[in-house]
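Atom set for the values below is all heavy atoms of this structure, side chains included, hydrogens, waters and symmetry mates excluded. Every chain is numbered from 1, with letters handed out A, B, ... down the list of sequences.
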Amino acid sequence: MPPCCMAGLLKALDAVFAPVFDTLQHGAPSELRPSQRADFQVNGALALAKSLGRAPRELASEILEAAKARGLMQLCEEVEVAGPGFINLTLSPAFLRSGLQSLAVGARLGIEKAETPLRVVVDYASPNAAKQMHVGHLRSAIIGDAIVRLLEAVGHEVVRENHVGDWGAPFGMLIEHLLDLGELEAAHELAVGDLESFYQAARAQYDGDPAFGERARARVVLLQAGDPETLKLWEALVQRSVSHFDEAFRRLGIKLTRDDVVGESFYNPLLPGVVADLAKAGLLEESEGAMCAFPPGFTNRDGNPLPLIVQNSAGGYTYATTDLAAIRDRVDRLRANLLVYVVGLPQAQHFQMVFATARLAGWLPPDALAVHVGFGSILGPDGKMFRTRQGGTVKLAELLDEAVERARSLLLARAGGGSGAEAGTAEAGTGAEAGTAEAGTAGAGAGGAGAGGAGGASAQVEVEAIAGAVGIGAVKYADLSNDRARDYRFDWDRMLSFDGNTAPYIQYANARVCSILRRAASAGGEEPAGEEAAGEEAAGEEAAGEEAAGEEAAGEEAAGEEAAGEEPGGPSAAELRERFLRPQLLLAPSEAEERELAKRLLGFPDAVAASIETYSPHKLCAYLFDLATTFTNFYERCPVLRAPSEETRSSRLALSALAGAILETGLSLLGIAAPERM
RNA sequence: GCGCUCGUAGCUCAAUGGACCAGAGCAUCUGACUACGGAUCAGAAGGUUGGGGGUUCGAAUCCCUCCGAGCGCGCCA
């Protein structure tokens with residue numbers, strides 16, 4: 001857990017209250033919270049009153065007065081002591097306005113860098129080589145990737161590691177099977193067929209043919225002995241797997257490539273040292289022929305100390321040994337001071353034991369932290385482990401195919417339904433370049449899905465791109481929006497619904513923003529009001545953009561949208577936002593819906609910080625859903641293009657642009673694309 | 001048997017020890033429209049937060065206990 005970070009509105013308010021509390025009692029927290037009764041409430045007075053033995057309401061009044069002396073009323077228009085000793089705060093429009101303006105400057109959207117940037121290794125995805133990726137790998141990959149993006153956004157230095165299972169007994173049989181087929185035939189088999197069938201065939205041989213089993217076991221020995229010919233074959237198998245992973249991650253829009261693969265085999269040379277050094281430190285005992293560490297606090301079913309086996313009775317190393325070696329490598333060689341493991345919850349005890357042992361051995365120094373970010377299972381509609389109707393594992397590739405296919409039919413059904421026929425006719429023709437086509441997840445900037453019959457080939461390309469963004473986004477969001485510790489139910493209809501807490505709903509809200517900005521750009525005058533003053537701002541904006549992690553994350557490979565945005569037919573969303581999102585255009589919110597929207601927009605940094613603090617992407621999801629809902633509400637009640645005055649129009653356009661920027665950036669932090677049209 | 005995770009509206013899920021209404025979204029019922037993309041908005045109804053104790057000014061949240069679900073508990077990873 002990175003040090004508690006506060007940002008945005010909370011930070012501004014806490015800057016006033018923290019010194020007041022600190023004066024009364026050193027280190028006493030203000031306990032600032034968003035409130036349903038006002039904008040924020042200060043709860044700390046109650047706890048402090050108790051520890052000081054004073055009357056809570058009286059103390060609250062005193063705190064409030066002290067806060068006023070520190071300029072509280074520059075931020076709030078209304079404050080009160082209420083109930084047993086709460087302090088309720090209602091923000092002033094002027095403060096909201098200045099907050100919005102600072103969000104609008106630069107591209108960071110209020111996301112602050114961590115005060116102490118860490119060097120973090122995030123271990124995630126971790127499929128097994130020589131096996132097809134399946135639904136079981138989905139959560140680690142999706143959650144891990146979001147965590148990587150979030151950590152990077154606040155300035156941590158992240159090393160991604162894909163700890164693939166590329167070593168061990170299965171390779172004996174795989175290599176023998178490969179030899180039986182003949183290398184050429186095997187190469188062909190691996191190229192056309194899927195890995196799974198190759199693995200199954202080898203497995204069948206192994207189970208059915210004792211002689212084959214013997215050869216397989218002998219081959220494992222050769223492999224571990226470093227026999228060159230065997231290693232060559234092993235390498236070929238692993239490479240084939242890695243290509244398969246690359247393809248899967250690319251489709252998913254996940255920032256893992258073959259460069260991030262650090263398989264189990266990588267640690268082989270380090271394993272003897274792990275055991276030797278543990279022994280040297282007096283941490284090993286022989287038990288039933290195996291070398292074990294017994295970290296305190298763990299017991300087995302008989303109440304006896306539970307062993308962490310680092311060398312089995314046959315002399316072989318276990319995955320505990322590998323995990324210990326990995327800790328040493330990450331701390332020593334990679335200089336990491338935070339290790340994050342995105343691995344299923346059933347492994348919780350294993351990691352506790354490994355971490356405890358690493359601490360005892362001094363491999364995890366006091367200033368380094370290891371965290372197991374666990375997650376629950378994906379359940380099928382029946383509430384049991386998600387499987388195919390036949391009871392087999394659901395292959396990842398097929399799952400993604402279905403996601404895109406379902407999204408496509410929904411999009412086409414809507415286009416046929418006739419509501420959005422007008423949208424995008426202007427630029428549909430020359431829309432996205434063909435390059436985006438095979439990028440299944442490409443999305444932003446693809447145009448004209450609503451153009452219905454207008455389509456030539458390029459319109460189809462665009463539909464494909466949007467279907468990819470929506471389909472893949474829906475799968476990822478469904479996973480991320482649930483508390484990771486809980487199991488969640490996989491439900492196509494729900495995740496692809498345009499209503500509710502789903503990716504399509506949020507993407508749609510963003511697409512609407514894009515639509516407004518496009519209209520504003522093409523119809524109502526060339527430039528927004530206040531154009532003169534805007535010029536000066538541009539320079540500062542670019543300077544700020546230089547170190548803008550938020551924007552980087554958005555623009556980068558967030559689900560493969562790089563080819564987007566360069567639409568010849570019209571300016572990209574980013575360009576439009578730059579044009580309309582100028583700080584000096586923002587007025588103090590006057591309408592209730594403007595005020596609500598402003599508050600939500602300002603809450604973005606806090607939402608990001610909260611997500612990072614507990615490694616819980618679902619908090620950011622909840623925020624984005626709330627923002628999308630609030631924006632829609634605003635959009636419903638406060639005419640933008642037909643605003644009563646030019647100033648109001650410009651201000652609302654800027655508000656909309658800001659909402660779009662946050663929606664897109666927020667989605668990108670989750671690894672989800674934000675199409676400009678849907 | 002021990003340990004871990006979990007149990008919240010009919011369903012799927014939220015809720016950093018905080019306030020008289022425990023929130024959303026589906027689904028259900030009522031309303032709103034020449035609509036800046038209706039893939040919309042407003043309202044209603046729906047809960048003794050699995051049961052029971054306890055700590056606290058204050059508990060869905062912390063402690064104990066019982067019930068229920070899932071997963072771990074020595075040579076697979």
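- Nucleic acid contact for A:Tyr317: sugar-phosphate only, since backbone atoms but no base atoms lie under 4.0 Å from a heavy atom of the residue.
- Remark: aromatic rings of A:Phe490 and A:Phe386 are close, center separation under 6.0 Å.
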Identify each atom pair where a protein N or O and an N or O of nucleotides 6-8 of chain B are less than 3.5 Å apart, giving names and distance.
unit_1 : atom_1 : unit_2   : atom_2 : d
B:G7   : OP1    : A:Arg486 : NH1    : 3.0

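- When the nucleotides B:U5, B:U12, B:C13 are ranked by their closest atom to the side chain of A:Leu345, B:U5 comes out on top.
- Straight-line distance between the C1' atoms of B:U12 and B:A19: roughly 29 Å, to the nearest whole Å.
- A:Phe86 qualifies as a stacking partner of the B:A19 base, centre to centre under 5.5 Å and near-parallel within 30°.
- Between B:A44 and B:G52, the distance separating the two C1' atoms is 35 Å to the nearest Å.
- The side chain of A:Arg33 approaches B:G18 more closely than any other nucleotide in the set B:A77, B:U40, B:G18.
- Residue A:Ser313 is classed as a base contact, given a heavy-atom separation below 4.0 Å to a base.
- When the C1' atom is compared between B:G68 and B:G51, the two are found 11 Å apart, to the nearest whole Å.
- Across B:A60 and B:U40, the matching C1' atoms stand 34 Å from one another, rounded to whole Å.
- For the C1' atoms, the distance linking B:C64 with B:C71 amounts to 24 Å, nearest Å.
- Taking the P atom of each, B:C11 and B:U48 are spaced 13 Å apart, rounded to whole Å.
- In this entry the distance linking CZ of A:Phe634 with P of B:C41 reads 14 Å, nearest Å.
- The side chain of A:Asp499 sits closest to B:U40 out of B:U40, B:C4, B:C13.
- Distances shown here put a side-chain N or O of A:Arg489 below 4.0 Å from the OP1 or OP2 atom of B:U12.
- Across all strands, A:Ser515 comes closer than 4.0 Å to base atoms (heavy-atom distances).
- Across all strands shown, A:His350 has no heavy atoms under 4.0 Å from either base or sugar-phosphate atoms.
- Following rounding to the nearest Å, A:Glu636 (CD) and B:C36 (C1') show an atom-to-atom distance of 11 Å.
- Residues passing the salt bridge (Lys or Arg N to Asp or Glu O under 4.0 Å) test with A:Asp483, sequence neighbours excluded: none.
- Relative to the side chain of A:Ser287, the nucleotides B:U40, B:A19, B:G74 differ in distance, and B:G74 lies closest.
- A:Ala320 comes within contact range of no nucleotide atom at all, as no heavy-atom separation falls under 4.0 Å.
- B:G74 and B:G17 are spaced 35 Å apart, taking the P atom of each and rounding to whole Å.
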Nucleotide N/O to protein N/O under 3.5 Å, stretch nucleotides 55-57 of chain B:
unit_1 : atom_1 : unit_2  : atom_2 : d
B:U56  : O3'    : A:Lys50 : NZ     : 3.1
B:C57  : OP1    : A:Lys50 : NZ     : 2.8

In residues 292-305 of chain A, what donor-acceptor pairs under 3.5 Å come from side-chain atoms, sequence neighbours left out?
unit_1   : atom_1 : unit_2   : atom_2 : d
A:Asn300 : OD1    : A:Asp302 : N      : 2.9
A:Asn300 : OD1    : A:Gly303 : N      : 3.2
A:Asn300 : OD1    : A:Asn304 : N      : 3.0

Legend entry - Structure string for RNA chain B in dot-bracket form, Watson-Crick and G-U at under 3.5 Å, | interchain: (((((((..((((.........)))).(((((.......))))).....(((((.......))))))))))))....
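- Dashed line: the shortest gap from a side-chain N or O of A:Arg512 to OP1 or OP2 of B:G38 is under 4.0 Å.
- Nucleic acid contact class of A:Gln36 (heavy atoms, under 4.0 Å, all strands): none.
- Within the nucleic acid shown, A:Pro127 has no heavy atom closer than 4.0 Å to any nucleic acid atom.
- A distance of 6.0 Å or more separates the ring centres of A:Tyr124 and A:His163.
- If you take atom C1' in B:C6 and the same atom in B:G43, they sit 35 Å apart, rounded to whole Å.
- For A:Arg217, the side-chain hydrogen bond (donor to acceptor under 3.5 Å, both in side chains) partners two or more places apart in sequence, or in a different chain, are A:Tyr206, A:Glu214.
- Residue A:Gln349 is classed as a sugar-phosphate contact, given heavy-atom separations below 4.0 Å to backbone atoms only.
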